Q: 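This is the structure I want to talk about, given as structure tokens.
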Amino acid sequence: MPTNHTSPYLPFGDQRTAAWYGKDIISVKQFTRSDLEYVFGVAHEMRGMVARVGTFDLLKGKILANLFYEPSTRTSSSFTAAMERLGGSVIPINEVRYSSVSKGESLPDTVRTLECYADVIVLRHPETGSAAIAAEAASKPLINAGDGIGEHPTQALLDTFTIFEELGAGQVDGMTVTMLGDLKYGRTVHSLARLLSLFRVKINYVSPEILRLPKEVLDEVDAKRIPQAEYRSLEQVLPETDVLYVTRVQKERFEDPADYEKVKGAYVIDPEIMKAAKKEMIVMHPLPRVGEISVDFDDDPRAAYFRQMEYGLYVRMALLAMVLGKA
Ligand code: CP
């Protein structure tokens, strides 16, 4: 998609910058609809700046500690790229077994250590609630990059930004979003369902019985009076879908490997299946994929998942600038 330099969002430099200075980003529940307009306005400007000049010195002299206790390609490298494109630098800790964590250092002590050297901490950790615990220990801003099966708020922000940029900022109200696959363990869908409930959307959930969205998330969306329904078959809802959000079955989170064998490969998106979908819609995926979207579909203009990764760079640039008071 070409960069649109006429922003459909709020003006860059809006007074809400101050509201995010020094703040942690732990959950999408922290964001209002107006906050999203602000974040996406800044991200849109970042997109334009990267296209025009590549790298600039907004965060020159600032340091990010990128602390990952779980594997990551996109989140880790896009936060690194975001900081470096803004002129800052990064302490990368992607292999915690080579850090003092392997000697038994606690998470609170580890973040207390890193904030002596860095201005902001990005954390991915396998335990739900770990980001909140770490943020409590830290006095510098901490950004949750995924806590177990809990939340992945920056992913939900970039997902929603993708929808805005691809389908139009004014088009989200009235859309039908269908989430497909592992809705139990997929933290990205937990965050995205919560965030989309700020809009007048309809949400369909398609999953095997054992991978249904947690009741807690369904109840939260219900409380916002968002129409939502669960299905086992995609065919029922594909023709009405504006955004198809596909997820990987998260093998690493199953207690019983036999259960994984029962549901792996339950849904595969390919050109044949997509004949039933609208011409103007998008297919998204947080990635990595392991077969749930056929590579034969990659050249279809509706395949937005590679563009989605790039939007993540701009959203993470915006978030870093906001919490460091420079947006
Ligand atoms: N989408 C996502 O979180 O990807 P990574 O696990 O590669 O960071």
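One-based numbering along the sequence shown. From a predicted model like this one, the values you see are computed outputs, not experimental measurements. Computed over heavy atoms, backbone and side chain alike; hydrogens, waters and symmetry mates excluded. Start at 1 and go down the list; that is how both ligands and their atoms are numbered.
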Q: Can you tell me how the ring of Y311 sits relative to the ring of F161, calling it parallel under 30°, perpendicular over 60° and tilted otherwise?
A: perpendicular
Q: Of all the heavy atoms in E70, does at least one lie under 4.0 Å from an atom in ligand 1?
A: no
Q: Only heavy atoms of Q155, strictly under 4.0 Å: list the atoms of ligand 1 that pass.
A: 1 (N), 2 (C), 3 (O)
Q: Ring-plane angle category for F164 and F199, please: parallel below 30°, perpendicular beyond 60°, tilted otherwise.
A: perpendicular
Q: Give me the residue, atom name and distance of the protein heavy atom closest to atom 1 (N) of ligand 1.
A: P286 O, 2.8 Å
Q: Which of the numbered atoms in ligand 1 are below 4.0 angstrom from a heavy atom of L287?
A: 1 (N), 2 (C), 4 (O)
Q: Within this structure, what is the OH-CG distance for the pair Y260 and D182, rounded to the nearest 0.5 Å?
A: 10.0 Å
Q: Please work out whether the ring planes of F31 and W20 are parallel, tilted or perpendicular, with thresholds of 30° and 60°.
A: parallel
Q: By number and element, which atoms of ligand 1 are closer than 4.0 Å to a non-hydrogen atom of T73?
A: 5 (P), 7 (O), 8 (O)
Q: Looking at non-hydrogen atoms alone, which of R74, R124, H285 comes nearest to atom 6 (O) of ligand 1?
A: R124
Q: Do you know which two heavy atoms are closest between S72 and R124, and how far apart they sit?
A: CB-NH1, 3.3 Å
